[in-house]
**Student:** 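Below: one structure in structure tokens.
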Amino acid sequence: QVQLVESGGGLVQAGGSLRLSCAASRSISSINVMAWYRQAPGKQRELVATIASGGSTNYADSVKGRFMISRDNAKNTVYLQMNSLKPEDTAVYYCNWRRCSGYGCEAVGSWGQGTQVTVSS
């Protein structure tokens with residue numbers, strides 16, 4: 001199993017930016033889709049963004065135009081650039097790999113501790 005460790009979270013004012021990193025314990029080049037998720041207090045974990053090995057990306061409507069996911073396979077790292085942050089972006093952010101089948105899509109790796117992002121008004 002690939003172990004993923006998130007970092008880069010913190011406290012930021014609304015309108016600010018943060019860059020999250022997801023470091024993998026081994027090569028991620030063979031993993032097609034990597035994803036960022038988040039979970040706010042009292043809410044379900046939600047998918048934020050995905051990036052395929054070929055570079056294709058997808059974003060939740062709530063973050064389109066503000067967040068950018070990228071990956072550096074040479075560094076075994078996935079990033080999430082977060083701009084124009086809003087208080088509603090406050091959540092614990094997690095990375096994982098994602099797989100889709102006829103039964104739907106799901107995160108397939110173990111959940112790490114995530115990194116806390118807090119956006120103040």
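Below, all heavy atoms of this structure are taken into account, side chains as well, without hydrogens, waters or symmetry copies.
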**Student:** Going through the distances and angles, do Thr90 and Glu88 end up as a side chain to side chain contact (heavy atoms under 4.5 Å, CB included)?
**Tutor:** CA-CA 5 Å; Thr90 295; Glu88 52 262 45; over 6 Å; no
**Student:** Which heavy-atom pair separates Arg45 from Gln39 by the least distance, and what is that distance?
**Tutor:** N-NE2, 3.7 Å
**Student:** At their closest point, which heavy atom of Val63 faces which heavy atom of Val48, and how far apart are they?
**Tutor:** CG2-O, 3.7 Å
**Student:** Can you tell me how far the CD atom of Glu6 sits from the CH2 atom of Trp111, to the nearest 0.5 Å?
**Tutor:** 9.0 Å
**Student:** Could you report the tightest heavy-atom contact between Leu4 and Cys95, atom names first, then the distance?
**Tutor:** CB-SG, 3.6 Å
**Student:** Is Lys86 salt-bridged to Asp89, going by a charged N under 4.0 Å from an acidic O?
**Tutor:** no
**Student:** If we count only N and O atoms by modelled type, under 3.5 Å, do the side chains of Asn83 and Ser17 hold a donor and an acceptor together?
**Tutor:** yes
**Student:** Give a yes or no on whether the backbone of Leu11 and the side-chain of Thr118 come within a donor-acceptor separation of less than 3.5 Å.
**Tutor:** no
**Student:** Examine the side chains of Arg71 and Asn73 and answer whether a donor and an acceptor come within less than 3.5 Å of each other.
**Tutor:** yes
**Student:** Are Thr57 and Thr50 packed together at the side-chain level, in the sense that at least one heavy-atom pair is separated by less than 4.5 angstrom?
**Tutor:** no
**Student:** Kindly indicate whether the side chain of Pro87, heavy atoms from C-beta on, has any atom under 4.5 Å from the side chain of Gln13.
**Tutor:** no
**Student:** Quick one: do Glu106 and Arg99 make a salt bridge, cutoff under 4.0 Å?
**Tutor:** yes
**Student:** Does some side-chain heavy atom of Val92 sit less than 4.5 Å from a side-chain heavy atom of Thr115?
**Tutor:** no
**Student:** Any donor-acceptor pair under 3.5 Å linking the side-chain atoms of Tyr59 with those of Arg66?
**Tutor:** no
**Student:** Which atoms form the tightest heavy-atom contact between Ala24 and Val2, and what is the distance?
**Tutor:** CB-CG1, 3.7 Å
**Student:** Examine Phe67 together with Trp36 and report whether their ring centres are nearer than 6.0 Å.
**Tutor:** no
**Student:** Assess whether side chain to side chain contact (heavy atoms under 4.5 Å, CB included) is satisfied between Gln81 and Ile69, documenting all intermediate values.
**Tutor:** CA-CA 6 Å; Gln81 179 66 48; Ile69 187 172; over 6 Å; no
**Student:** Looking at Tyr79, I'd like to know if the NZ or CZ of Arg19 sits under 6.0 Å from its six-membered ring centre while staying within 45 degrees of the ring's axis.
**Tutor:** yes
**Student:** Can you find a pair of side-chain heavy atoms, one from Arg38 and one from Leu47, that are under 4.5 Å apart?
**Tutor:** no
